[in-house]
Amino acid sequence: MQATVPVSSSLHTTSTAADPTALSTQTNNMALVPAPPSETPLFAEVDMCSDSSATTVRATVIQASTVFYDTPATLDKAERFLAEAAGYGSQLVVFPEAFIGGYPRGSSFGATIGSRTAKGREDFRKYHASAIDVPGPEVDRLAAMAGKYKVYLVMGVIEREGYTLYCTVLFFDSQGHYMGKHRKVMPTAVERIVWGFGDGSTIPVFGTPIGKIGAAICWENRMPLLRTAMYGKGIEIYCAPTADSRDTWQATMTHIALEGGCFVLSANQFCRRKDYPPPPEYVFLGVEEDLTPDSVVCAGGSVIISPLGTVLAGPNYDGEALISADLDLGEIARAKFDFDVVGHYSRPEVLSLTVRDHPTNAVMFTSESAKTEASRR
């Protein structure tokens, strides 16, 4: 099964993909409506070749924009998409980078070398206020959503720890439990002004009944050693939330699928200028005067790719959408017969990797009493 379900900005139109096996949905209040009668099944059957050891997982990547500076509204929007994906039978749902909290595209936060502006500091205050604590009430709500709709949920968030922000992915199981997080280890370019750096303690790969799931965010997917660490943990479903909608991103995703012998699920936002606050509250530096409210500032490109490099669904550049495919996990073994990057195609006596996977804290206390005393100050 592969299907892309467009979602209109007003959430009330009916759209049907061209594929005869595609999904039909009316998106008013994200309510599901039955597809018209057809001799073709709603979901194409996957030939499992009578192999009981192989499993099929229905996965969906969400392509949608944040409600910027409004985290409660963004959580409401996430639940609507999650409900719709669950209605199609999705078992795994992946959201874009920084979906909760927002990707501050076009913003400089008033920073130049040697100075910061008063407006830039206020922009950071508002952005900090939109971020979430982990753990925290927003995490609890996301966990409850995953449990309510019985899906594994991979969610891009802006995490707040004190006054430092991190671009983070949160993982939840289908029973409504928070499993853990990955913090982006290397923010790109100006992102480093507002986001901290993750360390080796948050590069998880979770073993689940639907496969081994992990994530890398946007351009850290270009870091060969990070990818190798995840391959070393046996990743099977490689989630790649991103903010990159350029054509070159597709080549990166295909390469990772082939290199890792894994499914790659990349979710990006689709945003227009009107999805961000208007100027002068929010300014796209250097291009604001060229933009109209309907100008596309992030074109999406969300995609699902198989371990043999086959595009199963997407890329979509048309608007907000749910991009879905059935993942035949037997394809992993078929791909690794050709190339197992940390197995039979490795040469550890020549090339090897050591990962320092302990937390790296700026301040460490040697005793519990010292930590307790410090917490009271």
Side-chain angles (χ1 to χ4, degrees), residues 1-3 21 41 43-61 88-94 151-154 169 171 173-174 179-180 182 203-216 221 223-241 250-267 302-315 323-353 355:
M1 183 278 291
Q2 57 177 332
T21 65
F43 292 102
E45 293 294 327
V46 177
D47 180 10
M48 300 308 298
C49 302
S50 300
D51 180 2
S52 61
S53 67
T55 301
T56 301
V57 175
R58 184 158 294 167
T60 296
V61 295
Y88 303 141
S90 294
Q91 298 157 275
L92 170 65
V93 181
V94 182
V151 299
Y152 284 83
L153 172 62
V154 179
V169 168
F171 300 85
D173 70 18
S174 60
M179 294 194 295
H182 165 62
I203 311 175
V205 171
F206 298 99
T208 77
I210 64 168
K212 297 177 181 177
I213 302 171
N221 283 284
M223 300 173 69
L225 300 185
L226 176 62
R227 298 198 307 269
T228 302
M230 295 171 68
Y231 302 150
K233 292 187 174 185
I235 192 166
E236 296 172 329
I237 301 177
Y238 185 118
C239 303
Q250 301 302 316
T252 298
M253 297 296 94
T254 300
H255 174 81
I256 292 172
L258 290 167
E259 178 181 67
C262 53
F263 289 94
V264 173
L265 283 61
S266 182
S302 302
V303 68
I304 300 176
I305 303 176
S306 83
L308 287 170
T310 302
V311 175
L312 301 179
I323 296 105
S324 299
D326 279 348
L327 314 182
D328 173 8
L329 299 189
E331 198 76 347
I332 297 170
R334 299 180 194 113
K336 287 185 182 290
F337 174 65
D338 295 348
F339 186 86
D340 186 357
V341 66
V342 293
H344 62 74
Y345 221 94
S346 66
R347 287 291 305 278
E349 76 279 17
V350 179
L351 301 166
S352 62
L353 172 66
V355 180

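- With rounding to the nearest 0.5 Å, the separation of OG in S266 from CD1 in I323 is 9.5 Å.
- In this structure, the side chain to side chain contact (heavy atoms under 4.5 Å, CB included) partners of F339, at least two apart in sequence or on a different chain, are V341, Y345.
- In terms of heavy atoms, V303 sits closest to P315 at CG2-N, 3.9 Å.
- Between atom CD1 of residue I305 and atom OG1 of residue T254 there is a gap of 3.5 Å, rounded to the nearest 0.5 Å.
- Scanning all heavy atoms of the two residues, the minimum distance from S324 to T60 falls at OG-OG1, 2.6 Å.
- Counting only heavy atoms from C-beta outward, the side chains of E236 and V57 never approach each other to under 4.5 Å.
- Within the 3.5 Å criterion, the main-chain N or O of K212 finds no donor-acceptor partner in the side chain of K233.
- For the pair I210/T55, no side-chain contact is recorded, criterion being any heavy-atom separation below 4.5 Å from C-beta on.
- In terms of heavy-atom proximity, A229 sits nearest to V355 at CB-CG2, 3.8 Å.
- With sequence neighbours excluded, the residues forming a side chain to side chain contact (heavy atoms under 4.5 Å, CB included) with A216 are E220, N221, L226, M230, Y238, listed by chain and number.
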Could you walk me through whether T208 and D173 satisfy the side-chain contact (heavy atoms from CB on, under 4.5 Å) test, starting with their C-alpha distance in whole Å, then the side-chain angles of each, then the deciding distance to 0.1 Å, before giving a yes or no?
CA-CA 8 Å; T208 77; D173 70 18; over 6 Å; no

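- The shortest heavy-atom contact between A325 and I304 is N-CD1, 3.9 Å.
- The minimum heavy-atom distance linking L265 with A59 is given by the pair CD2-CB, 3.6 Å.
- Under the 3.5 Å distance criterion, the side-chain polar atoms of R227 are left unmatched by any main-chain donor or acceptor of I256.
- Distance check: L92 CG to I213 CD1 gives 5.0 Å after rounding to the nearest 0.5 Å.
- Considering CZ of R58 and CG of L327, their distance stands at 10.0 Å, rounded to 0.5 Å.
- The side chain to side chain contact (heavy atoms under 4.5 Å, CB included) test applied to S174 returns Y152, not counting sequence neighbours.
- When all heavy atoms of G261 and A335 are compared, the pair lying nearest together is CA-CB, 4.3 Å.
- At distances below 3.5 Å, not a single donor-acceptor pair connects side-chain atoms of H182 with backbone N or O atoms of F171.
- At a threshold of 4.5 Å between non-hydrogen side-chain atoms, the residues C239 and V169 do not count as touching.
- Scored by the ring-ring contact (aromatic ring centres under 6.0 Å, His included) test, F263 finds no partners at all (sequence neighbours excluded).
- Residue pairs satisfying the side-chain hydrogen bond (donor to acceptor under 3.5 Å, both in side chains) criterion with at least one member in residues 302-314, sequence neighbours excluded, are listed as follows: Q63-S302.
- Applying the side chain to side chain contact (heavy atoms under 4.5 Å, CB included) rule to D338 yields the partners L308; only residues at least two apart in sequence or on another chain are considered.
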